[in-house]
Structure formats: structure tokens, C-alpha cells
Protein chains: 2
Amino acid sequence: MEGGFARESDGARTPRPNLGTNQSGMRDYNERLVLSLLRQHGSLAKTEIARMTGLSAQTVSVIMRGLEADALLVRGSPQRGKVGQPSIPMSLNPDGAFFLGLKIGRRSSELALIDFRGTIRRMRQHSYAYPTPEETIRFVTEDLAEVAESADRRTWERVAGLGIAMPFELWNWADAAGAPPGAMDGWRHTDIRAAFAERCPFPVYLQNDATSACGAELVFGNPPTRDDFIYFYLGAFVGGGIALGGRLFTGRTGNAGALGSIPVPGPDGRTRQLIDVASISVLEKAIVARGEDATHLWTSPDDWGELGDDLERWMEGAAQGLAHAILAASAVIDFQAAVIDGWLPLSVRGEVVARTARHLATLDSEGLRLPAVREGTVGRHARALGGASLPLAERFLVGAQSAI
Amino acid sequence: MEGGFARESDGARTPRPNLGTNQSGMRDYNERLVLSLLRQHGSLAKTEIARMTGLSAQTVSVIMRGLEADALLVRGSPQRGKVGQPSIPMSLNPDGAFFLGLKIGRRSSELALIDFRGTIRRMRQHSYAYPTPEETIRFVTEDLAEVAESADRRTWERVAGLGIAMPFELWNWADAAGAPPGAMDGWRHTDIRAAFAERCPFPVYLQNDATSACGAELVFGNPPTRDDFIYFYLGAFVGGGIALGGRLFTGRTGNAGALGSIPVPGPDGRTRQLIDVASISVLEKAIVARGEDATHLWTSPDDWGELGDDLERWMEGAAQGLAHAILAASAVIDFQAAVIDGWLPLSVRGEVVARTARHLATLDSEGLRLPAVREGTVGRHARALGGASLPLAERFLVGAQSAI
DNA sequence: AATAAATAAATAAACATGATTTATCTATTG
DNA sequence: CAATAGATAAATCATGTTTATTTATTTATT
């Protein structure tokens, strides 16, 4: 069991460690447990859930009938062929709840509406030279109004929350984004979460973009993993996230998995940060330095075309950096897997993963058990989906918050 | 709430994730919560506990009367001076339970008996050229018999468990320990936990020595901290541990906090492991290379005397390595503190901590919030005390196991 | 083919446990 | 003596467990 949380009126969570537990906490936990198991396994009969949880068949029966009455579960067709009464597989009702995920990036924003099973029902993109809070609020508000109109009333009423995935201190990137100095200062003084919370009837959450992407891998990853894993998202800048015990670990200050800042040895032996070797912006810079255009890196992530030596050098540098970062992180936490995803063509992602694994094997890992290096299974839209995973985890999964 | 655990007959824990919760789990959790709060705060009135936990006064009253009846709590003298009925401060009964901690090291073993408040009641040391399982079992068994005889019957009956703190793969250190080749191979095939579990009427736990020391800092540290912290223990070899959410985090494989293996840049810029720069054995080697005797490093940890340049160089290298390790770890988890302790004179520990903080401040920490670097508060015997903390945490504190 | 036995899923009813609510008592200060 | 705060007993409520029963199916037997 864990301490409870006091929910503030605006939907933000204030952790209250050391909170006692009562019966409602018990039922709430067991309900979340059932839903988590169904998310992991697809569909399960009540008895199977009873066996897995150690709860009595009767308790599971009561809980699951309740969830079915709330339209969170649907019953499948009876499974015959085995001795005894046929079992009825229960699974998550896709229409049981909906979640909104908003990713705010340097060049574009994405707003996704997903259903209870994680299927994308709607996705809108919005491109710009650089983002401002006013512009973002306008675009999202408009789009939400459109959703509210186009989707049927029931869907809109079943939206359980909005999660915003956004880099920390966006205003510091004005330079890199090519924005006029001060143009992005609005972000410094805008509480974007509060701004949306005011406009929305459901709770709104805010999380670092790469950490959110990690959450997407955790909740929607296929196959789902209960492993502790470290996650890298290669975007314009590289970022990361941490999953421990089947939960997104965001840390006391929310800055856990700040893997862009992890020190790695550069090609010259001097120490630099991972962000300076593995970010796609590094590749962009190299291309631009050659006098060529690099905008297709952002606009056509399905196929980057021929990039020749630039790509080769970037992949090699990124892989070396990632390998070193994974090594160092493995000394801190014994991750079972390192997952790499990003805003890049599948072929490039595959190659980066392969090279990272190769480099990792050459490093001195005495005393460590190295994690398996794997490709992400969510893909490019992991950040927006991760945003949507925040209200989902918060409301329907066990122990959404840190460690605990 | 968290999943439950199936207890095996021998006292070992097999984690069963995804276990449901029932009323006994609820009471168990609330009892542990009360005990944890009392450990943190020294003494608290029932109403104060009720306020802190959010439980009703009546519930806390019932729980605490039960704990008092079990002799785990004692009532202090009524506090007058405020309006209303005087409050009765309740605190942990020192004689409520006892715990045994065994540290097995390269040169010596320690067996400690501590009471419910963490006070050392008895401590035996045993030195040797190198350790063997048979020898260790013999010495501990004899000493336990002595404890059983000397202490009163009630004390012995209230021993809640034995925790063993021991380096991983002890046999690999035969060389460094100066043992004849193969002399320590016995460890490879001995399940030392099982061996003691057979001989003891209470549960026996085994944990890496540095991780155990981290547990001692967590449970007995003064002032106690609920911070997430990273912990280094400088012994013959440096090791580490991780505390998250007020719990010792040991990881899925038990190898979390393997900080000796974290890569750091050496003075020449080449990457090496922290264990190769910050271990006391590095200092020993330097002294021996000069043809001098270094045994007092192990035998008189209160005062190393004059070591001049050797000590200077070692402290500098260790501090640089530690600073880099803390930096890298901070990118993975946003620790609030980095705690350094070890088998060394207080003056040396203080100097290492000061230098580490100084070096840390010079490193590139963009995007990170660096933890405060602090001295350990438990001191040299942290490993043996940490061993004793294992059964304590397991039985009396909330969520002893990993994350979650 | 008909029938009985075995098996497994599901659930109703009675019960046990533990937290909450309400009311009351107690010891203190002002 | 009024006000206040700690403490707890009794009644109540929520939730999980146990026990017994119902239902639907397969498998073995006649």
C-alpha cells in the first residue's frame, strides 16, 4: 500500500506522504489492479483475475460487475471447450473513457484523443516557427471545441483528463528555435496547466515531454513490460524517462530521467552532455553547415532520404553517447531494458539501437548486469500519447506517482 | 497500496506483484505507518498521529493501544501546559524488538545486536586474513549462543531477524584479500543466508554490504530524511545504495546502487570505474608501493596518522570520481542528497565530502538540480547496522521492498 | 443416444474485520 | 465555571472472506 493523495480542486495532485489507508482506499486499489491486469493481458475471466490477485472469487465478481456497470468493461463471448461452466472473458471497453494528450514542441504541437484501450481516435497537428502560450491556448481551445461538437455527447462527457507533454524551460530554447529574442518569454510566466485547467471540465496534468513518452511506452507499449526500464526519446533534443515497478518514476522534483544532461565522453575524450551528441538538432546543424536544407528532418519523419556521412556520423556519435549513458544509469538502477524511440524513421531508429547495443557491449561493465537495448514500440507520437497516458494512469492504474 | 508478498517458510520473501489488498493488509499498513512516524519523530501523541495520517482519532487510538499491548510502544509522561486534556507522548519501546546485523568483510566481520530504537546493545568483531563460510558460520553461531545465554530470555525471544551485509561475489576478491587462490571458493557454493536460516528461529535476510549501509542511514540516520538520496560507502572497495520514497531501493535483481561500477573520467581523461579511484584499497596500494605498512587503515579507522601526499592524492581522486558519479546519477534520478560514509576517520570523511561538493560545483550540470552532498550520520559500522535494519524494515516499516 | 459424474465459473447470503461517525468522558487552562 | 483538547466507547458503514448454491459445460458410463 501507499500513502494517499489529497486532490486539489483544480485536479493537480499534491502528494501527501504518510497518509493512512481506509476501506475506500482498499476498493480503489483493487479496482485499479483489475484494470491494470486487463490492460496488460487484454482479456481475462473473473476467476483468472481472482487467481492472479489472490482475492476471493466473490470479491472479484463484485468489483468487476461494478466496473461493467460503469461501462469500463465489456464481456466477450463465452469460452467453451474446457470442462465446466464456460468462462466469460472480460476486457476494457474502448468507449469506457477517453483521454487527451497535448504535446508542445519547438516546431509543432500535437493534440491526440485516445480511447480506453489506447487507440488514437483523433489527432491534430499544428506547425509554427516557434510556439507562444497564447497561440497554443488558442489552437487547443479551438480544437477541443471541435472535438466537443463532432464527437457525440457521451464521448465528451467521458473524457477523463488532459495531459500536457512539454520540455522543461521551453523559453531557454528560443535561440535554438530561431525565435526572436524574448519571443518565447511568455512561457516563463504562463502556468499553462492552470490555463487549461480553467478552460476544461476535467483534470489537467503537465509533464516533461520525454518523461511523458516514457509513460506512453509503459502504458501502451506492445508487448507491455513490467520491467524497470530507462527510456530515451530522440527529438530535436534528446530526453528521457524512468519506469520503475510498472510505474512512471518522475522523482521528487519531477526531474528524474533528465537523461539529456547525463555526462558522456565525446569523441575527443572530453566530457559533454548526451544532449550535445544524440539530439537530432546535432544532425540538423551538420546538414545546415554543409549549406543544405534540413527541414525535412522535422516534416517527413517517415523518410529522411539520403543524408550520407552526416547521418552516419550522427548515428555513431549518438549510439556511443547512448551506450555510455545506459552504462552509467545501470550502475544507479539495475534496469532490465533500455528503450530508444524518437522522431525518426524506423530504419534510423533500428540502426541507432543496433549500434548502441554494439557499443554497450564494448564498455567495461564489470559488476553490472547490462539491460537489453530495445526499440520503442509506440513510435513518433509517443509524447502526445504519453500526455494522454497521464490522466489514464492517474485515474485507472495502480500507483501512478513516484515510487512508491 | 502495494502488492503483497507471499512469505516462504524460511523467511525469505518472494515478491508477488499484482496482489490484491484486504482488511488485514490495511491494518498492517496503518500499523507500520504509525511505527514509521514514531521512528521519524521520536514521540507523538495519538492525536498528532491522527492528524498526520488522516486517520480518525478512534482508529489511531485502537491501533496504538494494540501496539502498546504488544510492548512495541511506551507512553511518556503527560504533557501539560496547554489548554485541554494533557497529551500523552507515545514512543518506540527500546525493548520492543531486537535485530541482529552481520557484516562480512575482507578482513573482519561484525555482529551487532540492536534494539527497537536502533541503539547498539552488543557488538562483536572477528578479524581474519581472509574469510571462509565455515569459519564465519562457526564464529556467528558461537556468538549467537553467547547472546542467547547472556541476554535475558525475553530479549532473545524478541529478536525479529538477522540481516547479513556482504559484498557481491566475495570469491572474486580472493586475490585482493591476499588469500591463496581458491581459498575463498567456498563462498561461491554456499548459500550463507540459507545456512543461517537453518540455525536461527527468526527470518534471515541477505543484502549487498553498501546497500545495507544505505539502509542504516535511511532507518537510523540522524536527522532522519525522507529525501530520495544516493549513498556511497567507502570501504576497502567503494559501493553504494539508493533510497527512494523513504525506502531502500534494491532493484529487480538486487543490483541497484552498484555505484562502484559507475564510469568516471580518470585524471588522464580515460574512463574508469569509481571503484578504481575512490576505494580505500587504492590508497593502501599507494602506501604499500612506497614500501610502507598500511594495515592501520583497517585496524585504526579513528586515526590514520600522517599519510601525506598519498592521502592527499587519494582524497582528490576519490572526490573527483564521486562528484562525477553524483552528477551522472542525478540525471537518472533527481536525488535531493548524496550521502558519503565509510570506514575512515571523521576528518577524512569530512574532507572527502567537502572536496566532492567543490568538484561537483565545477561540473556542467545544465538541466539538472544537483543534490546536497552530506556526510553520513551512522558512521563506520553502517554496514552491520544496515544488516540489522533489514529485518526491522521488513517487519515494522512501510514498503520495505523495491518501489514499489 | 441418454444419463450421470465431474468440473469450473459465478454469485448470493452470512460473517468478519476494520475504519468512521457520533457521543461522551476526562483533565487541563484561563 | 466555561472553553478546549485528548481520548475512547458504541453504533454504523464499507469491504473482503467463507460457505453454500446455481449454472453450464465436458467426460465417462450404460
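Proteins come first, then strands; the chains are lettered A, B, ... in the order of their sequence lines, and each starts at number 1. Note that the structure is a prediction, hence the values are computed from the model and not measured.
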Practice problem: Can you figure out which of dG6(D), dT20(C), dA10(C) approaches the side chain of S87(B) most closely? | Solution: dG6(D)

Exercise. Starting from P on dA7(D), measure out to CG on L44(B) and report it in whole angstrom.
Key: 11 Å

Quiz prompt | Side-chain N,O (R51(A)) to OP1/OP2 (dA9(C)) below 4.0 Å | solution = yes

Quiz item: Which nucleotide in the list dA19(C), dA24(D), dT8(D) gets nearest to the side chain of M26(B)?
Solution: dA19(C)

Exercise. Please confirm whether any donor atom in the side chain of Q23(B) sits under 3.5 Å from an acceptor in the base of dG18(C), or the reverse.
Key: no

Exercise. Hunt down the Watson-Crick or G-U wobble partner of dA10(C), both distances under 3.5 Å, from any strand shown, or write none.
Key: dT21(D)

Quiz item: Does N22(B) put a side-chain nitrogen or oxygen below 4.0 Å from OP1 or OP2 of dT15(D)?
Solution: no

Quiz item: Looking only at side-chain N and O atoms, does R27(A) come under 4.0 Å of OP1 or OP2 in dC13(D)?
Solution: no

Exercise. Quickly work out the M90(A) CE to dA9(C) C1' distance and round it to whole Å.
Key: 13 Å

Quiz prompt | Options dG16(D), dT21(C), dA5(D), nucleotide nearest the side-chain atoms of I63(A) | solution = dG16(D)

Practice problem: Grab the CG-C1' distance between L33(B) and dA19(C) for me, whole Å please. | Solution: 14 Å

Quiz item: Under 4.0 Å: is that the gap between some side-chain N or O of K46(A) and OP1 or OP2 of dT11(C)?
Solution: yes

Quiz item: Are T59(A) and dT17(D) close enough that a side-chain N or O sits under 4.0 Å from OP1 or OP2?
Solution: yes

Quiz item: Starting at CE of M64(B) and ending at P of dG6(D), how long is that distance when rounded to a whole Å?
Solution: 13 Å

Quiz item: Atom CD1 of I88(B) and atom C1' of dA27(C): how far apart are they, to the nearest Å?
Solution: 10 Å

Practice problem: Would you tell me whether S36(B) and R32(B) have side-chain atoms, one donor and one acceptor, within less than 3.5 Å of each other? | Solution: no

Quiz item: L55(A) has an atom CG; how far is it from atom P of dA14(D), in whole Å?
Solution: 20 Å

Quiz item: Hey, is the side chain of Q58(B) pairing donor to acceptor with the base of dT20(C) inside 3.5 Å?
Solution: no

Practice problem: Measure across L38(A) and M64(A) and return the closest heavy-atom pair with its distance rounded to 0.1 Å. | Solution: CD1-CE, 4.2 Å

